[in-house]
Asks: 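Starting off with a structure, shown below.
Atoms within each ligand, like the ligands themselves, are counted from 1 in listed order. Residue indices begin at 1 and follow the sequence shown.
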Amino acid sequence: MKDLLLEEFRARFGRTPSVIARAPGRIEFIGNHTDYNGGTVLGASIDRDVWVGVAPRDDGQWRLATAAKDGVVTLPAGSGPARQSGEGSWVNYPLGVIAAFPEFGLRPPAGFDFLAVSDLPVGAGLSSSAALELASALAFLASSGQAAPRETVVRLCRHAENNFVGVPCGILDQGVSGFGQRNHLVFIDCRGPVFATVPLPAEARFWIFNTQTKHALVDGLYAVRHRECMEAAARLGVPVLADVTPTALGAAEAKLPPMVFRRSKHVVEEIARVDATVAALCTGDLAAVGRLLTASHRSSQHLFENSTPELDFLVDRLTAAPQVHGARLTGGGFGGAVMALTTAEFGDAQAAAVVAAYAGRFGHRPEVLHAQTGDGAAMAD
Ligand code: GLA
């Protein structure tokens with residue numbers, strides 16, 4: 001990917017970048033919609049990244065390009081960048097990062113040429129946007145001679161997503177891209193937030209099936225779920241749903257409209273499943289981990305209602321295979337991808353059978369990614 005970045009940078013800007021950073025996509029392992037509810041979550045950074053190269057300019061211009069699109073977006077350098085729309089709206093991720101710099105006591109970069117390249121599928125629920133934010137933030141810091149603790153970078157990127165891009169996401173995506181480690185899962189207690197890693201048993205394998213479908217209202221639906229959870233916490237008289245145990249929620253059922261109760265039940269039981277998953281990982285019991293993953297999906301399907309027939313179909317087919325420990329939708333839901341945790345015996349033949357069954361039912365093929373864990377965001381040499 002680095003060679004591709006250098007080549008594209010030369011093609012667009014006629015020179016080489018002075019700094020290069022990369023940041024990985026992530027799998028949401030378990031902990032669905034728990035992050036902004038103050039709960040816990042487990043994620044894995046994967047071996048697919050967004051790479052960003054930056055070279056300073058001295059004419060007061062920001063020039064941004066991505067290998068995925070033709071052209072260059074040119075803007076005047078300054079501390080209050082304007083949100084872009086249409087074809088160039090992808091620049092809102094790096095611009096949002098710049099807009100957040102002063103909020104975290106950092107100097108926005110002066111003029112630059114910027115290029116992003118990626119081998120991470122967009123719109124698959126693998127957080128290509130968080131990866132672009134993290135890689136941009138590291139490159140801007142290095143190119144402007146500044147440094148910041150990793151936790152600040154992660155929080156700054158989430159701030160960009162919440163305030164500039166306008167998605168009320170939690171800390172999961174940026175936290176996992178920032179704190180990921182090969183052969184480990186990232187555990188986040190989102191209330192702090194506090195970041196830790198949990199070793200992943202060596203025999204664990206991941207397969208990702210991207211439906212390449214996306215609900216037209218996906219961002220709006222995410223915001224609706226966010227609002228429903230906040231309403232539930234307010235009705236229960238707590239700051240966040242993580243303050244409620246499954247037993248206490250059961251006792252308070254009468255205080256909540258049925259739909260809000262179902263949303264809350266998903267969140268508080270999901271937090272309990274995250275803790276149970278950490279315990280099962282510590283004893284290397286991948287079969288138990290798999291059962292928790294599939295239970296998480298069923299809860300999304302029936303209680304949180306952020307699944308789709310395509311995602312349910314994949315989970316049903318995958319969990320019927322003896323080599324699959326468990327499977328679930330990964331990320332916000334309403335489309336995107338399913339992740340399966342498998343034994344090493346699950347291979348191309350098994351994946352092809354799932355793809356064929358899916359294509360027979362829905363008339364298009366899901367994209368298959370045999371991704372593995374990878375290291376978190378870093379500067380490239
Ligand atoms: C998206 C958000 C995350 C998290 C998940 C659902 O990926 O960006 O913050 O809320 O959905 O768990």
Side-chain angles (χ1 to χ4, degrees), residues 23-46 50 92-93 96 120-134 154-180 185-193 195 208 210 214-215 217-230 233 240-242 263-264 266-271 273-274 277 292-293 295-297 299-301 303-308 311 328-339:
R26 64 98 189 91
I27 296 170
E28 176 191 278
F29 190 72
I30 192 166
N32 187 247
H33 288 255
T34 54
D35 59 357
Y36 58 81
N37 287 300
T40 49
V41 60
L42 280 167
S45 50
I46 60 172
V50 173
N92 288 328
Y93 299 105
L120 183 62
V122 173
L126 299 173
S127 280
S128 55
S129 55
L132 177 54
E133 289 157 1
L134 263 292
V154 163
R155 288 179 38 238
L156 183 152
C157 290
R158 179 193 174 190
H159 186 278
E161 184 90 33
N162 290 167
N163 298 286
F164 199 84
V165 179
V167 178
C169 68
I171 196 79
L172 165 69
D173 307 343
Q174 293 80 11
V176 174
S177 185
F179 282 93
L185 296 175
V186 179
F187 173 83
I188 311 175
D189 184 341
C190 304
R191 206 190 287 266
F195 303 93
I208 295 160
N210 175 14
K214 192 174 166 184
H215 199 293
L217 300 172
V218 63
D219 292 341
L221 287 167
Y222 184 91
V224 169
R225 288 295 176 278
H226 184 278
R227 252 198 326 275
E228 289 164 353
C229 292
M230 297 308 135
V240 281
L241 280 176
R263 307 291 187 250
S264 317
H266 169 77
V267 171
V268 302
E269 290 182 352
E270 184 77 352
I271 293 169
R273 273 189 290 272
V274 173
T277 303
L292 289 157
L293 298 181
S296 163
H297 183 81
S299 177
S300 283
Q301 183 178 352
L303 297 175
F304 211 65
E305 296 176 279
N306 60 334
S307 187
T308 62
L311 295 169
R328 60 181 295 274
L329 68 82
T330 182
F334 308 110
V338 160
M339 168 212 78

Asks: Out of Q301, E28, H297, which one pairs with R328 under the side chain to side chain donor-acceptor pair (under 3.5 Å) rule?
Replies: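 So, applying the side chain to side chain donor-acceptor pair (under 3.5 Å) to R328 and each of Q301, E28, H297, only E28 qualifies.
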Asks: May I ask you to check whether R273 and S296 show a side-chain donor-acceptor distance below 3.5 Å?
Replies: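 Not at all, the side chains of R273 and S296 share no donor-acceptor pair under 3.5 Å.
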Asks: For R155, give me all partners under salt bridge (Lys or Arg N to Asp or Glu O under 4.0 Å), at least two apart in sequence or on another chain.
Replies: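 Counting only residues at least two positions away or on another chain, R155 forms no salt bridge (Lys or Arg N to Asp or Glu O under 4.0 Å).
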Asks: Can you list everything that forms a salt bridge (Lys or Arg N to Asp or Glu O under 4.0 Å) with R227? Sequence neighbours excluded, please.
Replies: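 Applying salt bridge (Lys or Arg N to Asp or Glu O under 4.0 Å) to R227 gives none.
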Asks: Please check if the side chain of R225 supplies one atom and the backbone of F304 the other of a donor-acceptor pair under 3.5 Å.
Replies: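 At least one qualifying donor-acceptor pair exists.
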Asks: Using side-chain contact (heavy atoms from CB on, under 4.5 Å) as the criterion, list what pairs up with V167, not counting sequence neighbours.
Replies: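 Only E161, V165, C169, Y222 meet the side-chain contact (heavy atoms from CB on, under 4.5 Å) criterion with V167.
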Asks: For a distance cut-off of 3.5 Å, show me each N or O of ligand 1 paired with any protein N or O, plus the separation.
Replies:
residue  : atom   : partner : partner atom : Å
ligand 1 : 7 (O)  : R26     : NH2          : 2.9
ligand 1 : 7 (O)  : D173    : OD1          : 3.3
ligand 1 : 7 (O)  : D173    : OD2          : 3.3
ligand 1 : 8 (O)  : D173    : OD2          : 2.5
ligand 1 : 9 (O)  : D35     : OD2          : 2.6
ligand 1 : 9 (O)  : G170    : N            : 2.9
ligand 1 : 10 (O) : D35     : OD1          : 2.8
ligand 1 : 10 (O) : D35     : OD2          : 3.4
ligand 1 : 10 (O) : Y222    : OH           : 2.6
ligand 1 : 11 (O) : G332    : N            : 3.3
ligand 1 : 12 (O) : E28     : OE1          : 2.5
ligand 1 : 12 (O) : H33     : N            : 2.6

